[in-house]
Amino acid sequence: MTTVTHPVPTSDAIATPWASEQTITCRDDRVGLRAIIAIDDTTLGPGFGGVRYRAYPSTEAAAREAQRLAAAMTLKHALAELPYGGAKSVVVLDGDAPAPGSPERRALFARFGEMIARTAGSYVPGVDMGTLLEDMQTIRDDGGARAFCDEVSPSPFTARGVYAAMRAAAVHHHGEGGLSGLRVVVQGIGSVGEEVARLAHGDGARVTLADIDTARAQALATELGGDTVPTEAAPFTEADVFAPCAVARVVTRDSIDRLPARIIAGAANDTLDSPDCAGALQAAGITFVPDFVANAGGVIQVHGGVAGWSPEETLAAIDRIGERVTGLLAAAEAEGITPVEAALRRADAALGRTVVR
Ligand code: NAI
């Protein structure tokens with residue numbers, strides 16, 4: 001029998017106590033498995049959320065990330081009116097990841113699948129950072145767990161939802177012209193950001209693009225007749241709309257006074273560095289569309305596949321993100337609260353409890 005020694009990071013805590021409905025640790029030294037499954041809330045259905053496969057500085061950091069991302073999935077599904085709860089798992093990477101298709105990788109995800117199967121369907125995994133479609137197929141076929149293994153990339157659908165959200169916010173501010181004539185800065189020209197830029201351009205916006213891969217940003221800018229800025233300058237570039245589509249926490253408390261855009265709507269999860277940024281943005285006259293509302297197009301598409309929706313039904317459901325944003329912005333204005341608070345109140349009502357602010 002092979003025993004894989006696996007000196008995983010340790011610390012005194014595995015998680016924030018009671019942060020989730022269930023937090024499950026998984027270990028099997030024969031395949032080098034250390035994983036954490038966080039099932040945040042199953043009020044609305046089984047907890048659906050991706051499997052993240054990466055290194056962590058400590059066990060606690062891994063558990064916290066699983067719990068935090070699981071809670072965000074609860075909000076995303078509740079606001080998108082999908083029949084899922086929120087969950088997420090992390091598989092702790094130690095050293096280099098085994099190559100796709102290798103027996104080691106297959107053994108790891110098969111074993112993790114067996115452990116997921118023990119949740120009896122309360123946790124349904126999908127692809128996330130570091131995992132591949134074939135890992136989900138292993139979890140399903142060898143591990144015997146339910147897993148979402150859609151072969152269609154969610155990114156264009158996520159982009160369509162972000163565009164719908166951005167457009168709704170623009171109409172709220174500027175009237176029916178939508179994005180026409182507005183300047184939109186997109187940070188992160190990856191699989192989502194590129195499509196967001198194309199959709200905004202197609203709607204008459206002037207686009208400014210930023211990516212650490214400057215050649216990528218420049219190529220698209222040339223094609224769309226836009227320009228580029230260094231990535232760290234993107235939030236501070238003169239614009240009507242800022243669309244963060246790369247990394248988390250780009251809006252910090254002390255940067256808000258320097259943000260020229262009056263609308264922030266993008267795909268990146270956790271755009272706000274801290275919860276108090278929502279109020280500070282509002283005080284500065286900036287409309288922030290909650291990321292967990294704007295970036296739900298991908299999960300809506302996954303659900304459309306599971307539910308057997310036609311392509312038209314799926315696209316219509318994604319486009320309703322725009323109507324949802326219109327409703328949230330109107331409610332926020334009427335009640336004198338932030339759009340984030342308006343969204344959280346909707347989640348409270350759907351879940352029958354007060355979610356953590
Ligand atoms: P991606 O990996 O395809 O693209 C990310 C892009 O951002 C790359 O072009 C990369 O070079 C660039 N980048 C990385 N760091 C940067 C920085 N500091 N400044 C500027 N650019 C930087 O990722 P994808 O799929 O387009 O996702 C973008 C964001 O949206 C991520 O935060 C992701 O978590 C989030 N998201 C994506 C969904 C999807 O369906 N793909 C669904 C929901 C959220």
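Bear in mind that the values here come from a model prediction, so they are computed numbers and not experimental data. Note that ligands are numbered from 1 as they come in the structure, with each ligand's atoms numbered from 1 the same way.
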Report summary line: CG (L75) and CG (L79) are apart, to the nearest 0.5 Å, by 7.0 Å
Query raised in the report: CD of Q282 to CD1 of I286: how many Å apart, nearest 0.5 Å?
Result: 11.0 Å
Query raised in the report: Listed by chain and number, what are the side-chain hydrogen bond (donor to acceptor under 3.5 Å, both in side chains) partners of H173, not counting sequence neighbours?
Result: T287
Query raised in the report: If you count only heavy atoms, which residues are under 4.0 Å from ligand 1?
Result: K76, P154, S155, T158, Q187, G188, I189, G190, S191, V192, D211, I212, R216, T231, C245, A246, V247, A267, A268, N269, N295
Report task. Considering only NZ, NE, NH1 and NH2 on the basic side and carboxylate oxygens on the acidic side, decide whether R216 and D211 come within less than 4.0 Å. Result -> no
Query raised in the report: With sequence neighbours left out, which residue pairs that include part of residues 94-144 fulfil the ring pair (Phe, Tyr, Trp, His ring centres under 6.0 Å) condition?
Result: Y53-F109
Name each donor-acceptor pair under 3.5 Å that joins a side chain in residues 236-251 to protein atoms two or more places apart or in another chain, with its distance.
{"residue": "T237", "atom": "OG1", "partner": "A233", "partner atom": "O", "Å": "2.8"}
{"residue": "D240", "atom": "OD2", "partner": "R183", "partner atom": "N", "Å": "2.7"}

